[in-house]
Amino acid sequence: MAFLKGTKINSILFGKCPVCQNESMYKESNPYILSQTLDMQERCSHCDTKYKIEPSFFYGAMYVSYPVGIIFAGIAFAITYFFIGATLLNTFFAIAGTMIVFLPIIMRLSRNIWINFFMKYDKTKDQFANA
């Protein structure tokens, strides 16, 4: 997705460094390895951006995770209730299952959104854009 390079969407969706967007912020690319879901690199190896700006920086991501979770739950509700035509009880179970299955993704998306509130893409630090 080279056309997204330099946008916040690229950094948020793919977990790239918000400054240079050349490297993943996470040590493990698979969010479903639960013991390593939130393990992040200390710094970007390309632009030396420090991801944890201050101690407990990512506690703010909890405030972002609520609306992200609501979006996932709303999509699950719409699909099961309106498109599939399930009962309200089955729709509830579908929403609960969706929230459990997508929890690692919601947590990472929330962190990605949170860090992108405070950092932005800098073309001068992107070594591949300048080449």
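Hydrogens, waters and symmetry mates play no part in the numbers below; they use all other heavy atoms, side chains included. Residue numbers start at 1 and run along the sequence shown. These numbers come from a predicted model, not from an experiment.
The heavy-atom pair separating P104 from L34 by the smallest distance is CG-CD2, 3.7 Å. Contact detail for C20 and C44: the closest heavy-atom pair is SG-SG, 3.5 Å. Counting all heavy atoms, side chain and backbone alike, P18 lies closest to M119 at CG-SD, 3.6 Å.
Scored by the side chain to side chain donor-acceptor pair (under 3.5 Å) test, E23 finds S45 as partners (sequence neighbours excluded). Judged as a side chain to side chain donor-acceptor pair (under 3.5 Å), and not counting sequence neighbours, D39 has no contacts. With sequence neighbours excluded, no residue forms a side chain to side chain donor-acceptor pair (under 3.5 Å) with T7.
In the hydrophobic clustering of ILVMFWY residues, with side-chain heavy atoms under 4.5 Å counting as a link, L103 and M40 come out apart. Hydrophobic clustering (ILVMFWY, side-chain heavy atoms < 4.5 Å, transitive): I75 and I12 are in distinct clusters. Hydrophobic clustering keeps F118 apart from M62 (ILVMFWY residues linked when any side-chain heavy atoms are closer than 4.5 Å, directly or through intermediates). Taken together through direct or relayed side-chain contacts under 4.5 Å among Ile, Leu, Val, Met, Phe, Trp and Tyr, I71 and F117 form parts of separate hydrophobic clusters. Linking ILVMFWY residues whenever their side-chain heavy atoms come closer than 4.5 Å, directly or via other members, leaves I79 and I100 in distinct clusters.
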Is there a side-chain contact (heavy atoms from CB on, under 4.5 Å) between Y121 and V19 once you walk through the steps? CA-CA 4 Å; Y121 178 73; V19 177; over 6 Å; no

Apply the test side-chain contact (heavy atoms from CB on, under 4.5 Å) to residues K120 and K8: give CA-CA distance (whole Å), side-chain angles for both, the deciding distance (0.1 Å), then the verdict. CA-CA 7 Å; K120 64 180 184 175; K8 289 195 180 282; 3.9 Å; yes

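Here N90 contributes atom CG and T80 contributes atom OG1; the two are 8.5 Å apart, rounded to the nearest 0.5 Å. Taking CG of N112 as the reference point, atom CG of L109 lies at 6.0 Å (rounded to 0.5 Å). The distance from atom OG1 of T98 to atom CD1 of I106, rounded to the nearest 0.5 Å, is 9.0 Å. Atoms NZ and OG, on K5 and S11 in that order, are 10.5 Å from each other to the nearest 0.5 Å. Here the CD1 atom belonging to I113 is positioned 13.0 Å from the CZ atom belonging to R111, to the nearest 0.5 angstrom. Separation of atoms NZ (K27) and CD (E42) is listed at 8.0 Å; rounding is to 0.5 Å.
Although no hydrogens or angles enter the test, the distance criterion places no donor-acceptor pair under 3.5 Å between the side chain of R108 and the main chain of L38. Remark: side-chain polar atoms of Q21 are paired, donor with acceptor, to backbone N or O of G6 under 3.5 angstrom. The closest donor-acceptor contact from the side chain of K16 to the backbone of N10 lies at 3.5 Å or more, if one exists at all. A distance-only check finds no donor-acceptor pair linking the side chain of Y32 to the backbone of I105 [under 3.5 Å].
Within the structure, no pair that satisfies the side-chain hydrogen bond (donor to acceptor under 3.5 Å, both in side chains) test touches residues 58-68, not counting sequence neighbours. For the ring pair (Phe, Tyr, Trp, His ring centres under 6.0 Å) condition, the pairs that include at least one residue of residues 82-112, sequence neighbours left out, are F72-F102, F77-F82.
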Show me the donor-acceptor pairs within less than 3.5 Å that the side chains of residues 49-58 make with the rest of the protein, sequence neighbours left out.
none

